Participant: 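Sharing a structure, written as structure tokens. Questions coming.
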Amino acid sequence: MSRRLAVLAGEALIEGKLQPATLEVSLESGRVTAIHPGLRPASDYPAPVWQLLDLSTSSDWLLPGLVDCHVHLNEPGRTEWEGFETGTRAAASGGVTTVIDMPLNAIPPTTTVANLDLKLKAAQGQCHVDVGFWGGIVPTNIDDLLPLVRRGVRGFKCFLIESGVEEFPCVTGEQVRAAMARLKDTESAVLFHAELGTPTTDHEQLRLQSELAQLDPRQYVTFLKTRPESFETSAIELVAQLQAEQPSVKTHIVHLSAASALPTIKLAKAAGLPMSVETCYHYLSLAAENVPEGRCEFKCCPPIREQANQDLLWSALKSGEIDFVVSDHSPCVQEMKLLSEGDFVKAWGGVGGLGLGLSLMWTEARRRGGISIQQIIDWLAFRPAHFARVDDQKGSLKVGGDADFILFDPTARFIVEKEHLVFKNKLSPYTSRELQGAVQQTYLRGQLVFDRARPEILSIARGRTLIA
């Protein structure tokens with residue numbers, strides 16, 4: 001059997017430019033061994049020494065595998081919500097070759113080395129793409145942080161508001177200070193779910209409760225009132241303050257939805273503080289005004305906000321104020337979405353969309369104009385790989401890097417159908433939307449792990465856990 005692969009690509013994204021290129025791959029190591037400009041003759045790569053993937057006449061683009069560093073795989077403990085097998089298969093279907101798993105909503109959460117080991121055991125033999133792990137910061141685990149760093153977690157997430165699951169409680173500013181002091185000599189970033197609580201006075205709480213009692217919970221605007229932009233802006237102001245006290249520790253704002261917080265982020269970055277920020281596909285492609293009555297699959301926290309806010313997020317993404325884009329794939333069982341009641345206030349908050357990100361971004365880019373595939377891959381592959389500290393092997397096509405790549409048809413159009421969704425609970429706000437651009441094939445270390453033409457037969461788990 002051949003242990004080498006040659007890829008002849010008419011349009012490959014190499015060093016930020018679409019251009020003809022020939023890639024040579026060692027299938028033994030799974031790494032790119034050479035990249036030649038232009039198309040070499042197929043005769044240079046005879047069988048059986050070489051496998052040949054000839055895309056010289058194809059209209060598909062050869063792109064790096066994507067890196068999604070905000071995914072909830074939920075196993076063990078809530079595998080009925082999502083799991084390593086179904087979640088990583090969904091990732092592969094959308095060209096994502098690396099995911100970084102969040103420390104919740106698995107039971108137990110990734111807050112100790114023992115808990116991490118349970119997760120690693122659960123992942124064994126199930127992953128279709130490579131999987132790394134974030135640790136968690138909770139009120140009681142400060143002594144577990146450095147052991148988790150040594151074990152190989154990529155950084156630590158915490159909540160400044162209740163997370164929604166009792167085994168992962170939120171932390172106070174003082175607890176964050178202590179954690180940052182403990183992490184100051186490491187490369188680990190502290191990731192913040194940046195919303196700060198409820199109104200601060202009893203009078204404000206009573207006023208809000210009275211107002212909500214008179215509103216229809218089936219209307220999305222009712223839920224929107226429970227998570228105002230001020231929750232995010234006040235939390236991000238606190239993060240900036242904490243980082244100013246401990247400027248050697250990287251901080252990161254996950255799933256930014258409120259554009260009104262951008263000035264604080266801009267000031268922190270201008271002051272030289274190592275703060276980064278992500279937003280999500282749903283904030284860039286969905287708008288509050290268009291959420292149908294009672295359709296709780298649209299509920300997430302922080303909320304999807306108005307179209308004007310979405311436009312500001314896009315401007316910030318293009319200017320570099322927002323660093324990259326993730327899925328925040330956070331599904332649950334259908335019953336928790338309360339579809340029969342349509343109660344936005346009570347339903348579980350989380351969006352299912354793993355595998356659709358590149359198509360969503362390309363569709364929106366075509367609608368808005370002036371956004372290139374190079375920019376999109378920067379936001380979906382290179383920058384998240386750098387943030388998660390896997391860019392030595394992931395996020396771009398380069399000699400010595402993993403041969404993770406995808407074939408993407410920029411002209412293909414398709415309707416998102418429920419039965420075609422690959423993740424476990426097939427409930428998504430994107431169902432019935434027409435998207436442009438489709439991943440045709442996904443390769444992990446030179447091995448085919450997804451083929452749109454025959455998705456049912458590619459069930460071999462080839463992924464690895466990215467851990468020390």
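Residue indices begin at 1 and follow the sequence shown. Heavy-atom basis, side chains included; hydrogens, waters and symmetry copies ignored. What you see is a predicted model; the values in this text were computed from it and never measured.
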Participant: If you compare all heavy atoms of Cys300 against all heavy atoms of His282, which two are closest, and at what distance to 0.1 Å?
Facilitator: SG-CD2, 3.6 Å
Participant: Could you tell me if Lys299 sits above the aromatic ring of Phe223, with its cationic atom closer than 6.0 Å to the ring centre and no more than 45 degrees from the axis?
Facilitator: yes
Participant: For Gln307, give me all partners under side-chain contact (heavy atoms from CB on, under 4.5 Å), at least two apart in sequence or on another chain.
Facilitator: Ala287, Glu289, Gln310, Asp311, Arg367, Arg368
Participant: Do side-chain atoms of Arg366 reach the backbone of Pro410 as a donor and acceptor pair under 3.5 angstrom?
Facilitator: no
Participant: Is any side-chain N of the basic residue among Lys424 and Glu75 closer than 4.0 Å to the acidic one's carboxylate O?
Facilitator: no
Participant: More than 12 heavy atoms of other residues, nucleotides or ligands under 6.0 Å from CZ of Arg464: yes or no?
Facilitator: no
Participant: Which word best sums up how the rings of Phe405 and Tyr443 line up, parallel for under 30°, tilted for 30 to 60°, or perpendicular for over 60°?
Facilitator: parallel
Participant: Can you establish whether the number of heavy atoms outside Gln374 located under 6.0 Å from its atom CD is more than 12?
Facilitator: yes
Participant: Output yes when Glu297 and Arg295 qualify as a salt bridge under the 4.0 Å nitrogen-oxygen rule, no when they do not.
Facilitator: yes
Participant: Can you classify the ring geometry of His255 versus His193 as parallel (below 30°), tilted (30 to 60°) or perpendicular (above 60°)?
Facilitator: perpendicular
Participant: May I ask you to decide if the ring planes of Tyr220 and Phe344 are parallel, tilted or perpendicular, using 30° and 60° as cut-offs?
Facilitator: perpendicular
Participant: Which heavy atom of Ser428 sits nearest to which heavy atom of Leu421, and what is that distance?
Facilitator: CB-CD1, 4.0 Å
Participant: Would a line drawn from the ring center of Phe387 to the ring center of His70 be shorter than 6.0 Å?
Facilitator: no
Participant: Looking at Phe382, I want to see if its CZ is surrounded by more than 12 non-hydrogen atoms of other residues, nucleotides or ligands under 6.0 Å.
Facilitator: no
Participant: Could you state the interatomic distance from NZ (Lys394) to OG1 (Thr98), rounded to the nearest 0.5 Å?
Facilitator: 4.0 Å
Participant: Is it true that atom CD of Glu245 has more than 12 heavy atoms of other residues, nucleotides or ligands lying nearer than 6.0 Å?
Facilitator: yes
